[in-house]
Amino acid sequence: MNAIQKIAIAALTIVSLLLGSAGLATAQVQVTSADPASAVQGTTSLDVTINGSGFDSTAAVKFLVAGTAETGGITVKKVTVRSSKRMIATIDVADSAIVDKFDLAVTLSSGRKGKGTTLFAVQAQTDAC
């Protein structure tokens, strides 16, 4: 191999590495907001819009008590991915759900994950008396 071929191979290797790194950076799952950002204990069939990036049709969502792996009384009934930046999670909030802030964890079938911390909250149910 002559010097020009070695330089060309080295340049192609560097370009491939840079492009591969850029692809990995854009492939990350990010969770940035939830709307609405809270619900009262006992709420059923609430559609929560989850915004972020890197979503695909295989996305699964969990609402977890902040800093834990516990669902705290929130059940995700259905997830509808609208785009790579927006999905809708239909949830039920149990009457006995923990009153606290919740993280939103998104997992794709490829194994990629993302979490938005303290993006949702459960508020105490008040008596109407």
(request) Any chance you could lay out the side chain to side chain contact (heavy atoms under 4.5 Å, CB included) test for Q41 and T43, step after step, and finish with the verdict? (result) CA-CA 6 Å; Q41 291 169 316; T43 300; over 6 Å; no

(request) Check the pair L104 / F63 against side chain to side chain contact (heavy atoms under 4.5 Å, CB included), numbers first and verdict last. (result) CA-CA 5 Å; L104 277 63; F63 286 65; 4.0 Å; yes

(message) With side chain to side chain contact (heavy atoms under 4.5 Å, CB included) as the criterion, how do T49 and R86 come out once you've worked through the C-alpha distance, each side chain's angles and the decisive distance to 0.1 Å?
(response) CA-CA 7 Å; T49 300; R86 192 179 80 150; 3.6 Å; yes

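The closest donor-acceptor contact from the side chain of Q30 to the backbone of G52 lies at 3.5 Å or more, if one exists at all. Under a 3.5 Å cut-off, the side chain of S38 and the backbone N or O of A121 do not form any donor-acceptor pair. Judged by distance alone, the side chain of T118 and the main-chain N or O of K101 form no donor-acceptor pair under 3.5 Å.
Summarising the geometry of A34 relative to V48, their closest heavy-atom pair is CB-CG1, 3.9 Å, with the distance given to 0.1 Å. For the residue pair A59 and V106, the shortest heavy atom distance occurs at CB-CG1, 4.1 Å. Annotation for E70 and T68: closest pair N-OG1, 3.1 Å, computed over non-hydrogen atoms. Summarising the geometry of D95 relative to G42, their closest heavy-atom pair is OD1-CA, 3.0 Å, with the distance given to 0.1 Å.
In this structure the side chain of L64 reaches within 4.5 angstrom of the side chain of T71, judged on heavy atoms. Within the 4.5 Å cutoff, side-chain heavy atoms of D92 are placed close to those of S45. Side-chain contact between I50 and V61: present, with at least one pair of heavy atoms (C-beta onward) separated by less than 4.5 Å. Side chains of V76 and T90 form no contact here, defined as non-hydrogen atoms less than 4.5 Å apart. Contact annotation: the side chain of K77 never approaches that of T44 to less than 4.5 Å [non-hydrogen atoms, C-beta and beyond]. Side chains of M87 and V81 form a contact here, defined as non-hydrogen atoms less than 4.5 Å apart. A 4.5 Å side-chain heavy-atom check between V31 and L119 finds at least one atom pair inside the cut-off. Side-chain contact between V40 and Q123 is present, with heavy atoms from C-beta onward closer than 4.5 Å.
To the nearest 0.5 Å, atoms CD1 (I88) and CG (D47) are separated by 6.5 Å. Distance check: T32 OG1 to N51 CG gives 5.5 Å after rounding to the nearest 0.5 Å. Within the model, atoms NZ of K62 and CZ of F102 stand 14.0 Å from one another, a figure rounded to the nearest 0.5 Å.
Listed by chain and number, the residues in a side chain to side chain donor-acceptor pair (under 3.5 Å) with D100 amount to none (sequence neighbours excluded). The side-chain contact (heavy atoms from CB on, under 4.5 Å) test applied to K115 returns D103, A105, T117, not counting sequence neighbours. Residues satisfying the side chain to side chain donor-acceptor pair (under 3.5 Å) criterion with Q125, sequence neighbours excluded, are absent altogether.
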